[in-house]
Amino acid sequence: MHLLLRKCKTMTCISSTCSILTQLLLLPPVSLLASNSNSSSPLNSSLLKSPPASLSGFLGQTSRFEARGFCKSSGEGRAMANRMVSSLQSIENSDAISYLSQKEAAEVDEILMGPLGFSVDQLMELAGLSVASAIAEVYTASQHNNVLVICGPGNNGGDGLVAARHLHHFGYKPVVCYPKRTAKTLYTGLVTQLESLGVSFIPVEDLPTELSENFDILVDAMFGFSFHGTPRPPFDELIQRLVHQRIISQGSPVISIDIPSGWHVEDGDISGEGIKPDMLVSLTAPKLCAKKFEGMHHFLGGRFVPPLIINKFKLQLPPYPGTSMCVRIGKALNIDISALRENYISPEFREDQVEADPFDQFKKWFEDAVAASLKEPNAMALSTAGKDGRPSSRMVLLKGFDKDGFVWYTNYGSQKARELSENPHAALLFYWDGLNRQVRVEGSVQKVSEEESEQYFHSRPRGSQIGAIVSKQSSVIPGRDVLQQYHKELEEKFSDGSTIPKPKHWGGYRLKPKAFEFWQGQQSRLHDRLRYSPIEIEGRMAWKIERLAP
């Protein structure tokens with residue numbers, strides 16, 4: 001973080017602060033762009049409880065004029081939603097985003113640290129978390145585990161120290177190069193925190209000649225927007241090493257925090273021989289030099305800019321999605337789909353490690369998915385085909401499983417229901433991305449009992465019960481207003497708390513498995529695939545386990 005901390009030593013400084021506060025208070029209110037954005041289980045031990053809520057993984061952003069702050073969510077309804085959509089659509093146009101000059105960035109810091117009450121450590125923590133979140137959004141820990149964070153002596157270096165701590169907790173293995181340590185308590189505390197986590201500090205002289213040989217990611221946290229002049233040793237050498245390993249050897253990606261070190265805050269890489277980072281994480285709002293950034297990934301981080309600052313500086317900033325600390329800005333990516341790949345790193349999945357019964361193995365993996373706080377671990381792709389043999393797939397939610405099969409609920413007039421009536425066979429697919437796992441289940445399907453459907457229906461929230469009556473699934477309707485109006489009428493009808501009757505066209509299905517396949521992603525596409533097939537042994541049914549080629 002590049003905050004300019006200036007101690008007020010005279011009454012002139014106090015007067016200036018009061019003047020700033022007065023100007024802010026005289027400003028009219030402004031609407032701040034901000035992002036805002038099931039059911040209970042069936043009976044007995046085989047039924048699933050609602051999974052724990054998981055945090056959204058996307059990145060959100062705001063600005064951080066060399067300081068950071070909070071961006072409050074707004075609940076202004078449809079009008080706000082429309083403004084958010086408009087803002088998101090404009091993110092690709094760099095002219096729609098505000099850029100700060102060095103003077104403006106410094107002034108923003110003074111306001112944040114003065115009348116608005118932010119402290120350095122607060123802003124530094126928000127900045128470091130934003131940087132770590134942006135890195136995790138693009139460079140997964142499974143493929144880019146070893147991270148070198150090069151920290152300068154000022155606030156930008158402090159941002160790097162905080163980012164290193166969060167990266168450690170995100171599953172990365174950060175190493176810090178911090179050649180010119182700051183003796184202030186804030187910085188020594190950050191060093192102590194990293195050392196307590198076992199994060200290593202490496203001297204400049206011990207860095208490998210080719211950084212990319214030892215590190216998957218290189219974080220440039222040397223100098224921020226308040227830096228003036230020419231970098232001095234050892235930072236001049238470190239900057240050149242980052243330049244060399246990217247331009248000459250096309251090595252590990254470089255991530256710069258707010259300002260690529262060595263760049264002019266407003267004019268950018270004047271010499272044309274400076275760092276060319278792959279990712280730039282702007283803080284508070286992009287600085288003018290960010291217009292010269294030509295890398296693949298530009299993020300905004302911080303999420304703390306108060307409305308008064310947005311109004312005073314006429315800032316145009318994108319909304320942050322969900323609970324994210326950063327948001328992608330800048331040009332749209334030119335994606336080479338053929339080059340998209342993940343080199344999975346997972347424990348081996350061997351025959352001598354699996355449960356003899358596939359239901360027990362599924363239960364074990366499902367519990368792992370819940371424990372990992374994956375979003376909707378009970379989501380599954382259901383594939384069906386009618387008498388014409390044409391397959392169709394959709395995502396549904398598993399609502400119970402035991403040795404009798406896998407249960408879900410739907411409208412009996414839907415396309416999948418019509419196809420199941422013609423061909424009572426289906427396939428399920430569970431995919432748990434965070435664990436590099438998927439499970440395929442194939443078998444025959446039949447409806448659950450009316451009593452079981454009734455019982456589950458009344459365990460659902462009343463809004464979902466009404467929704468099941470309102471929606472004649474897969475049928476053509478004139479528009480969304482029809483659904484909303486009917487839903488409103490039924491809400492009024494049952495507003496007295498009376499029992500909502502289960503519609504006859506709604507109920508459950510149970511798939512009785514005939515085959516299972518458990519898949520664990522591995523490196524170099526040598527995935528583990530184990531198939532369970534039913535066999536008869538001495539008059540009793542059992543399961544045969546076979547390994548399939550990936």
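Computed from heavy atoms alone, side chains included, the values below leave out hydrogens, waters and symmetry copies.
A search for ring-ring contact (aromatic ring centres under 6.0 Å, His included) contacts involving F349 returns W365, not counting sequence neighbours.
Between the side chains of S346 and Q522, no donor-acceptor pair is found at a separation under 3.5 Å. Counting only N and O atoms by type, the side chains of K416 and Q473 include a donor and acceptor under 3.5 Å apart.
Two rings, from F430 and F362, have their centers less than 6.0 Å apart.
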**Item:** Residues H298, R328; criterion side chain to side chain donor-acceptor pair (under 3.5 Å); working and verdict
**Value:** CA-CA 6 Å; H298 189 187; R328 183 184 289 277; over 6 Å; no
**Request:** Kindly determine whether Q465 and R460 satisfy side chain to side chain donor-acceptor pair (under 3.5 Å), including the steps that lead there.
**Result:** CA-CA 6 Å; Q465 294 180 41; R460 306 175 86 203; over 6 Å; no
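A donor-acceptor contact shorter than 3.5 Å links the side chain of Q353 to the backbone of R350.
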What pairs of donor and acceptor atoms, side-chain ones from residues 503-511 against any protein atom, are under 3.5 angstrom apart with sequence neighbours left out?
unit_1: H505; atom_1: NE2; unit_2: A468; atom_2: O; d: 3.4
unit_1: R510; atom_1: NH2; unit_2: E452; atom_2: OE1; d: 3.2
unit_1: R510; atom_1: NH2; unit_2: E452; atom_2: OE2; d: 2.8

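Relative ring orientation between Y344 and H527 is described as perpendicular, the plane-to-plane angle rising above 60° on a 0-90° scale split at 30° and 60°. In this structure, F406 and F359 have parallel ring planes: the angle between them is below the 30° cut-off, well short of the 60° mark.
Using a cutoff of 4.0 Å between basic side-chain nitrogens and carboxylate oxygens, K292 and E294 are not scored as salt-bridged.
Y99 carries K291 over the face of its six-membered ring, with the cationic atom under 6.0 Å from the centre and within 45° of the normal.
Using a 4.5 Å cut-off on side-chain heavy atoms (C-beta onward), L548 and E517 make contact. In this structure, Q415 and S392 have side chains that are in contact, with non-hydrogen atoms separated by less than 4.5 Å.
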